[in-house]
Trainee: 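Could you have a look at this structure, given as structure tokens, before my questions?
Both ligands and their constituent atoms are indexed starting at 1 by order of listing.
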Amino acid sequence: MSEIECDVLIIGAGPAGLAASIWTSRRKLSTVVVEKAMPGGQMLLAHDIENYPGIERISGQELAERMKKHAEKFGAKIVYDMITRVYTEGDKKKAVGNTNTYTAKALIIATGGQHRPLKVPGEEELVGKGVAYCATCDAPFYKGKEVAVIGGGNSAVEDAIYLSKIASKTYIVHRREEFRAEPDRVEEMERLGVEKILGKSPEKFEKKEDGRIVVHFKEGGSLEVDGVFVSIGYIPASELFKETGIEFTETGHIKTDLQQRTNIPGIFAAGDVTGRLAQIATAVGDGAVAGMNAYKYIQKPYWG
Ligand code: NAP
């Protein structure tokens, strides 16, 4: 296990973490970004991004790669590690990973969140066997087959649009009569022939002998498909930070002020883990604010 010391430790290399690292490393602070998987976070799941100003259309993977290169250009180090403990020792912010330990003057939490499960019988057992949470990752398994997306937000509608181009038939199941998603995306989904099943919530999933999945609804009735994509939002990845004494909102997000400061001096949070609008542009904005304020916290410039 190696010991890594730096000015700023950033946990999470999604758009918030990578943006923060651009702001801190450009101001010559030694910056380490720890990521457990590939840099990019939820961006990696976005097929086409059309609302990031200045870039009319780009895949999430390409934007992630560009942000990573941009951060590295200014000297930020991206380290692959799984952090298991975060705590403070005096002014120092400490983290323990499976590979390294980290000591920093400031910490920026940019861990985002994980897919929210429906928590219905059959769901957990069938993950990877007909039930999935990531359309971009698992869609190729359903080429020419029938799929259902559960949810009514932007993610569910985006997933349905994506799947409709691969599957032979795509349904979207939403518990209300109207969608939370942006109207133009709903129109696009309708144009692509996605069949809407409204006012229905899954009660349980069942796998038949032929491998097909039956979605039973609480309101009665069922739907039989080859695959189900659950897309009902995210849970913030904030649990890890309890030991630091930072405050959380009722929904488990990390509480920050408009400067992205938590209640613990030198600990900042940015992006989806704070529970604000989950957009790449706003995550980047949060990351920039957190990065700049980490700089002010460490260097205490005369103008800060
Ligand atoms: P979301 O906006 O919170 O929507 C979650 C959806 O799942 C809602 O329609 C909700 O229904 C439904 N739902 C929640 N719990 C459920 C349950 N137990 N059973 C059945 N349905 C349930 O989450 P999201 O779509 O993942 O999006 C998260 C954030 O990312 C949002 O801010 C979204 O705008 C953003 N996003 C943006 C884009 C884009 O701009 N291109 C793409 C993806 C995501 P109700 O409506 O009835 O509550």
Side-chain angles (χ1 to χ4, degrees), residues 14-16 40-53 55-64 110-124 131-137 139 148-164 171-189 192 194 196-205 215-223 228-238 249-253 270-286:
Q42 297 292 332
M43 263 195 300
L44 296 173
L45 309 182
H47 335 297
D48 285 315
I49 295 162
E50 293 182 323
N51 57 3
Y52 193 73
I55 303 177
E56 284 173 28
R57 194 181 197 129
I58 190 167
S59 75
Q61 290 191 358
E62 192 183 344
L63 187 56
T111 41
Q114 299 113 17
H115 294 283
R116 184 191 302 283
L118 274 164
K119 293 193 180 149
V120 296
E123 180 184 17
E124 208 179 327
V131 174
Y133 297 88
C134 171
T136 327
C137 319
V149 176
I150 315 291
N154 273 322
S155 300
V157 169
E158 292 282 346
D159 286 352
I161 289 172
Y162 184 66
L163 286 160
S164 70
Y171 298 89
I172 187 161
V173 178
H174 181 33
R175 63 185 176 183
R176 287 179 205 281
E177 296 297 325
E178 57 184 325
F179 288 94
R180 187 186 281 251
E182 288 165 23
D184 74 316
R185 304 314 290 151
V186 176
E187 277 165 28
E188 165 88 352
M189 176 181 79
L192 289 164
V194 172
K196 296 178 289 183
I197 299 181
L198 302 175
K200 298 272 187 192
S201 308
E203 184 178 42
K204 66 172 178 174
F205 297 139
V215 184
H216 295 273
F217 299 122
K218 285 180 190 154
E219 298 78 5
S222 63
L223 174 70
V228 178
F229 288 82
V230 177
S231 190
I232 60 164
Y234 300 100
I235 301 170
S238 57
T249 66
E250 276 172 13
T251 51
H253 293 90
D272 289 2
V273 77
T274 65
R276 279 195 285 277
L277 189 68
Q279 295 284 305
I280 298 167
T282 52
V284 163
D286 281 0

Trainee: Would you say that Val173 contacts Val215 through its side chain, given a criterion of any heavy-atom pair below 4.5 Å between the two side chains?
Mentor: no
Trainee: Against ligand 1, does Arg185 come closer than 4.0 Å with any heavy atom?
Mentor: no
Trainee: Counting distance only, does the side-chain N/O of Ser201 pair as donor-acceptor with the main-chain N or O of Lys218 below 3.5 Å?
Mentor: no
Trainee: Do Pro117 and Ile235 have side chains that get closer than 4.5 Å, going by heavy atoms?
Mentor: yes
Trainee: To which of Gly152, Gly151, Ser201 does the heavy atom nearest atom 9 (O) of ligand 1 belong?
Mentor: Gly152
Trainee: Looking at atom 41 (N) of ligand 1, what's its closest protein heavy atom, distance included?
Mentor: Glu158 OE2, 3.5 Å
Trainee: When only distance counts, is Pro202 in polar contact with ligand 1, meaning an N/O pair under 3.5 Å?
Mentor: no
Trainee: Is the closest side-chain heavy-atom distance between Leu223 and Tyr171 below 4.5 Å?
Mentor: yes
Trainee: Within ligand 1, which atoms have a heavy atom of Asn51 less than 4.0 Å away?
Mentor: 40 (O)
Trainee: Quick one: does Met189's side chain get under 4.5 Å of Lys196's, heavy atoms only?
Mentor: yes
Trainee: With only distance considered, is Asn154 within less than 3.5 Å of ligand 1 through an N or O on each side?
Mentor: yes
Trainee: If only atom types and distance count, is the side chain of Glu123 paired as donor or acceptor with the main-chain N or O of Lys119 below 3.5 Å?
Mentor: yes
Trainee: Can you tell me if Glu50 has over 12 outside heavy atoms packed within less than 6.0 Å of its CD?
Mentor: yes
Trainee: Compute the shortest N/O to N/O distance between Ile150 and ligand 1 and return yes if it is under 3.5 Å, no if not.
Mentor: no
Trainee: Have a look at ligand 1 and work out which part of Phe179, if any, has a heavy atom under 4.0 Å from it: side chain, backbone, both or neither.
Mentor: neither
Trainee: Mind checking whether Gly153 has an N or O less than 3.5 Å away from an N or O of ligand 1?
Mentor: yes
Trainee: Examine distances only and state if a side-chain atom of Asp272 and a backbone atom of Ala278 form a donor-acceptor pair shorter than 3.5 Å.
Mentor: no
Trainee: Just to confirm my output: which protein heavy-atom neighbour is closest to atom 48 (O) of ligand 1, and how far is it?
Mentor: Arg180 NH2, 2.6 Å
Trainee: Tell me which protein heavy atom sits closest to atom 45 (P) of ligand 1, plus the residue, atom name and distance to 0.1 Å.
Mentor: Arg176 NE, 3.4 Å
Trainee: Inspect the surroundings of CD in Glu219 and state if more than 12 heavy atoms from other residues, nucleotides or ligands are less than 6.0 Å away.
Mentor: yes
Trainee: Side chain, backbone, both or neither: which part of Leu118 comes within less than 4.0 Å of ligand 1 when only heavy atoms are counted?
Mentor: side chain
Trainee: In terms of atom number and element, which parts of ligand 1 are under 4.0 angstrom from non-hydrogen atoms of Gly233?
Mentor: 23 (O), 26 (O)
Trainee: Starting from atom 32 (O) of ligand 1, which protein heavy atom do you reach first, and at what distance in Å?
Mentor: Ala278 N, 3.7 Å
Trainee: Out of Ser155, Ala181, Gly60, whose heavy atom sits nearest atom 44 (C) of ligand 1?
Mentor: Ser155
Trainee: Is there a side-chain contact between Tyr234 and Gln42 (heavy atoms, below 4.5 Å)?
Mentor: yes
Trainee: Side chain or backbone of Gln279 under 4.0 Å from ligand 1, or both, or neither, by non-hydrogen atoms?
Mentor: side chain
Trainee: How far is atom 10 (C) of ligand 1 from its nearest protein heavy atom, and which residue and atom is that?
Mentor: Arg175 NH2, 3.9 Å
Trainee: Has Asn154 got a side-chain atom pairing as donor or acceptor with Glu182's backbone, closer than 3.5 angstrom?
Mentor: yes
